[in-house]
Amino acid sequence: MSAATEVTESQEHVPTGMHPKKLMMWLFLASDCMFFGTLISTHLIYRKIYPDVGPDPRSIFDIELTTGSSFILLMSSLFMALAVSAIHKGELKSFRRNTVLVMIFGLLFLSGQVYEFYDFAVNKDFKLTTGTFGSSFYLMTGTHGVHVALGILWLGSLFAYSYTKHFKAETHAMDVEVAGLYWHFVDIVWIVIFTAVYLLEYVSF
Amino acid sequence: MSTATSTAPLGAEKADENRSLIGLRRPDHTTGLADWLTTVDHKKIAIMYAIFSLAFLVIGGIEALIIRAQLAVAENQLITAEVYNQLFTMHGTTMVFLAVMPLSAAFFNYLVPLQIGARDVAFPRLNSFSLWTFVAGAIILNISWLFQAANLLGWFNPIDGRSDIVPAVGWFGYAPYTDTAYSGIGTDFWILGLQVLGIGSLAAAFNFIVTIFNMRAPGMLMMRLPVFTWMTLITSFLIIFAFPPLTVALGELMFDRYFGTSFFRVEGGGQPILWQHLFWIFGHPEVYILILPAMGIISEILPVFSRKPLFGYSLIIFSGAVIGFLGFAVWSHHMFTTGLGTVGTAAFSLLTMAIAVPTGVKIFNWIGTLWGGKIRFDVPMIYGLGFIWMFMMGGFSGIMHSSAPADSQQHDTYFVVAHFHYVLIGGSILALLAGLYFWFPKVTGRMWQGKLGHWSAIVIVIGLNWTFFPMHYLGMAGMPRRTHTYLEGTGWQALNFAVTIGAFILAVGILMFLIDMLRTYRKGVPAGNDPWNARTLEWSIPSPPPVHNFDRTPVVKARDAFWLHKFGTVDQKIGSVDPGAHGVHMPSKSWMPLLTSSGFLVFGIAMAMKSAGVPLMGYLAITGLSITLIGIYLWALEGPGGYHLHPEGEHRPH
Amino acid sequence: MPLRLSIISLTLVLSGCALDGRQSFMDPRGEVAWLQYDLFMLTVYVTFGIFIAVGGTLLWTVWRYRERVDDDPNEHPPQSHGNPLVEFVLIAISIGLLVIIAIPTVSAIVYTHGMPDEPDSLLGSYYHGDMSDGAEEEVLTIYAYGWQWWFSFEYPQLGIVTGNELAIPKGKVVRFELRSKDVIHSFWVPKLAGKVDMIPGRNNWMWLRGDEAGYFFGQCAEYCGESHAYMQFRVEVMEDDDFAEWVEQQRQTPPPPQEESWQDFVVLAARAPEKLVDEPAVRGAALFYGRGACIQCHAIKGTPAAGLLGPDLTTVASRKSIAAGWMEHHNDDFTINPERQYENFYRWIRESEKIKPGNLMYHVSGGMRDINLSDQDCHDLAAFMMTLRPDSL
Amino acid sequence: MSAIASADPAAQETFLREERKRYFTFMNLAFLMTALTGIELVLIYLPFPSQTIIYFTLIFLSLIKFVGVIFWFMHLLWDKAFLTIVFLFGMVIASGTIAALLLLFSEGYVDPAMGIYEAD
């Protein structure tokens, strides 16, 4: 049940040997690299040219919390990989268990982000409108959060779909794998953001 | 005609299978409006793309004519500065996003599956979604004219300071002029329209890449692909890498306007120059998105009318790829006057010059194709030769721009206007018109009579040169672009008057072209399968092609497959794959792409109205997004659908 | 066929247009513009050479290999697929031709992006009046600000401010610091130098050298809103003595039309308008400082008018145009025509919104839109404007 | 590449064995990445004399995690090379653009006279 895909079937001959949905997803992810690349470069440019404008990131960031969030997202990626593995093996129960874990960890990550935003905005007076730092920080991490939320929605739909009679491990393994690719990509974007936006702020030359 | 006469879904007994999880049935209209709204047939989608884009070509052209009428004489009062600014903004945006890009998309859609021997694109419903999303974006942009009319009649009044209703920020909308302090809700229409158009373009590009890689007929190796398909592939890659920066830039601008961020707002520390960088990171590849399909079309037409294979096939493809790749490394040459610094200016200057090499290679190879051939001057060829000549001239002024110090004089003058109209009309549009003539017999099965087509090509080329060649001199004489009038003392009157006459000649040419197309469609003589003695697979099937394209999937043995099929050795003949007992599998129609796209339309207009201060519009915008989400779910739950066709008899390429 | 068309339009163009028009970059009068002109002509020669070679080949090919009536339609020409050697040679030639353009381009970029080292151009070497400390050892630096839709020019070393018209000494390097007050504008005097944008939030600069005395036309070259077309300015390149005199003139302050000081005049105009001399210029001055609210935005040095949003009017009547160069009142020899000048002042005050739609003077709150000026008031203000000129002019 | 589509029981058996092996690969990778994340946190608190080394170490560590996810979790190691090429193409253009933008922007051009946000 991947949205927006319908392959013209009975194309016996696939010259590249790549499933169209998978190829499509990788193309989308390549394109998304440019998307997040632009968001991240906006942030880094403003941090570069206005290093002293806005609040000091070290005084507002809660790096332990963010590290925890990163850990959570990494773990969700592990379960995602296991869920994909399970569906390929035809183990529906294992697939469901792992998918639920992915969603739980995804939700944990999101609640961490919601807490972080709340903490910044209310306790530390760092808002969306707080100059360029606030603008680029919130738009970038917020967009990432939206990606996570959409991923949870997608996996949740697949999870619910797996209880219907239409769901078969053989025919839907690719749908799960494609959703998994998306989820992992969201994870690697966070790996980049965690280093470029959070950790490197703590390095002082 | 095709022996497979039945286009209705066969096997009504399978109707249950076509029901979705929640009981929705896939539509199966075969006639009327519903057929066009729900179709997933790449050929019908292509025809709709073509019709919409030609309509917008006319609208954009009328805008240009009003602009030229205003500039015909010095200190003219025909239209106000405000309307003039709206006209050039909408002219640019319309021509780039609503005329040339979708016209290229029409060719992608029609030809790629035919040229690679496929039944349809890889994701037929997604293809339909791309079309309707394009339509939604086009409506969002152009509905601003209606709101302006309503405003003049007093029916619609935006909140104070937002009364600038039609976009007037130029097609690249430089910040901070796009901020709420300087421009009205026209900018919102512009942002949202482009954002929606971007979604449609991205979806189409993913679709074509997958199609070209995965749907090729047996034996259609990458290096046997027709050049047009190759250029489609490169263009699609450009789209998937170029549009995300635009999406982000527009998103940031939207946040500035709606939520008070300061990405480009100087009061909050934003740097307006960042917008220029992000826009041109998109904008320069976009230029190649406009021209590469045209190059592909020309590379198809020249060999056919010279009766000779394309000269340097691999080099043409390689240079196309190099142009595409370098396109991401030269964006700042649009910004030579913004103070990039010595190193930046020099680097972008040199990289820009480098692009001249692969472009030159293409022109050399086209001449090489003509060399030693037997050149037949039919209408597509006249347009095609006009393309080479005009595109070459546009390329020369391009080389002149690449020298940054010289460019600092030409930048934002009519010299630049002349340059990009030579490459966009003389390049893209001439090639697209050549392609329309070339494939028109295939699409409609009709062939034109008389010489109107020849004359249209000649009049368009005359009008083009008459209009844009003097603009070089206007630029040298210092006339800046985007000025709605000029003083008498500047000495620009004579040329401007001449240019205006030229613009009307060009318009007459386009009109002749439209009349000829319409006349041929109504009264053309039957064209036959292969009127040009052509070289590629699409000419091996009936005109117009049957809904399933190929009765039997062809097996390709060589490049220029159909030519060698006709004139080559026995082992170069096109083979075929037996479809087997279950026949040809066809995708079912669907309402869901249209529904999903309509959510964008609601969202776009509601957001602009929110900016205008109309109450409750925020909720309507959310409703729009919900419609899209519901559409996606219903789409996914629609079930696989599909039906089988049994083309009767032995319909093979002959 | 297209070549013939090009030739026709070329002749048409050459007869219709002289490239020595007042904003033509084909008629350079300054060091930087010359450099850019030479580079441009180099690209023209190179591309024209390619045009002749490639275009000629194309024409010849099309002619030579056209299908003839007596050709057998079923006969196929030799099916050649390409020739790597030809391709290689052509690519090499293209690269060679580009190098011819690239080398002077890079050297010109480096040259125009750095200040030339010319001792003659130091301010102390040609100007001997008052200037700020240390300015003798610097080149003349002018801060140019773009506004919607006019320019202001500050000479911080010399302590003068002017609007839309500025003067620079002949043969001396002048540095421009380019700033914007609202949206992006571009500073461009085609005959002196190519353009550099004025971008809000960003420090841009350029240098230029006017090598010939004269009156030069400039224009904003970046789309900046409704009245973009009306945003022009003038640069006067002067001999050293003339420049020194011009600076002195710009420093003068106008005497009050009545009373000892401007303060007293303003008070009188407000408290006892009946005691004012009944002359148009005096009534106009009273309006300017009183009901007209002009001083909200305009400054006249040495008087209570110190507004910052509009052009400095201290010596406005010494300028050869108003409304950012759109309304001209000079004779052919660039001397002022007083009748046309008066007419321009009157029309500008009377109908500024028609002349320059969207302008701030009309639209600002408390601006002309909100003030009901009678026809007589406009004449009075125009008469007052006519008095704002240094005595010696 | 859904290998279960394969009807061949032998191939199916190989595939399942591969999948079981991957389970441990995934586990090990996850532990490694957890450890790396921990190290990153410790690194920024270390009073290390050369911050440059820390800077590059952090980038290097995130690169390891990045490669780990795309090649193992996302199966690029076992998939068609073409997918890797497509994705890396996007990565190269994106990182090239980021690098070029960062080089083009510098503090020197910022106009301090304009209203830059001040921390309160």
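Naming: A, B, ... by sequence-line order, numbering from 1 per chain.
With rounding to the nearest 0.5 angstrom, the OH atom of A:Tyr161 is 7.0 Å from the CG atom of B:Leu637. The line from CG of B:Asn207 to CE of A:Met24 is 6.0 Å long, rounded to the nearest 0.5 Å.
Interface residues of residues 35-48 of chain A toward chain B, defined by a heavy-atom distance below 4.5 Å and sorted by number: A:Phe35, A:Thr38, A:Leu39, A:Thr42, A:Ile45, A:Tyr46. Within residues 248-258 of chain B, the residues having any heavy atom closer than 4.5 Å to a heavy atom of chain A are B:Val248, B:Glu252, B:Phe255, listed by residue number.
For OH of A:Tyr118, the number of neighbouring non-hydrogen atoms (other residues, nucleotides, ligands) closer than 6.0 Å is 12 at most. Heavy-atom neighbours of B:Phe259 CZ from other residues, nucleotides or ligands within 6.0 Å: above the threshold of 12. Counted within 6.0 Å of CZ on B:Phe325, heavy atoms from surrounding residues, nucleotides or ligands total 12 or fewer; the atom is thus considered open.
Contact record, A:Ser31 with B:Ile240: OG-O, 2.8 Å, taken as the closest heavy-atom pair. Heavy-atom minimum distance, B:Gln271 versus A:Tyr50: NE2-OH, 2.9 Å. Here the shortest heavy-atom pairing between B:Val210 and A:Pro20 reads CG1-CB, 3.6 Å.
If you tally non-hydrogen atom pairs under 4.5 Å between each of A:Thr143, A:Ile49, A:Asp32, A:Leu139 and chain B, the highest count goes to A:Leu139. Here B:Phe263 is the residue among B:Phe263, B:Phe213, B:Phe241 with the most heavy-atom pairs under 4.5 Å with chain A.
Looking at B:Phe237, the atoms closer than 4.5 Å to chain A (heavy atoms on both sides) all sit in the side chain, from C-beta outward. Interface remark: B:Ile239 contributes no atoms to any contact with chain A (heavy atom separation under 4.5 Å). With a 4.5 Å cut-off on non-hydrogen atoms, B:Ile281 touches chain A through its side chain but not through its backbone. At a 4.5 Å heavy-atom cutoff, the contact between A:Leu153 and chain B is made by backbone and side-chain atoms alike.
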So B:Phe282 and A:Met34, side-chain contact (heavy atoms from CB on, under 4.5 Å) or not? Walk me through it. CA-CA 10 Å; B:Phe282 150 78; A:Met34 268 314 260; over 6 Å; no

Verify side-chain contact (heavy atoms from CB on, under 4.5 Å) between B:Tyr633 and A:Ser157, making sure each step is shown before the conclusion. CA-CA 9 Å; B:Tyr633 267 93; A:Ser157 307; 2.4 Å; yes

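A distance-only check finds no donor-acceptor pair linking the side chain of A:Ser135 to the backbone of B:Thr261 [under 3.5 Å].
Considering only residues two or more places apart in sequence or on other chains, A:Ser85 meets the side-chain hydrogen bond (donor to acceptor under 3.5 Å, both in side chains) condition with D:Glu19. Residues passing the side-chain hydrogen bond (donor to acceptor under 3.5 Å, both in side chains) test with A:Trp26: none are found, sequence neighbours excluded.
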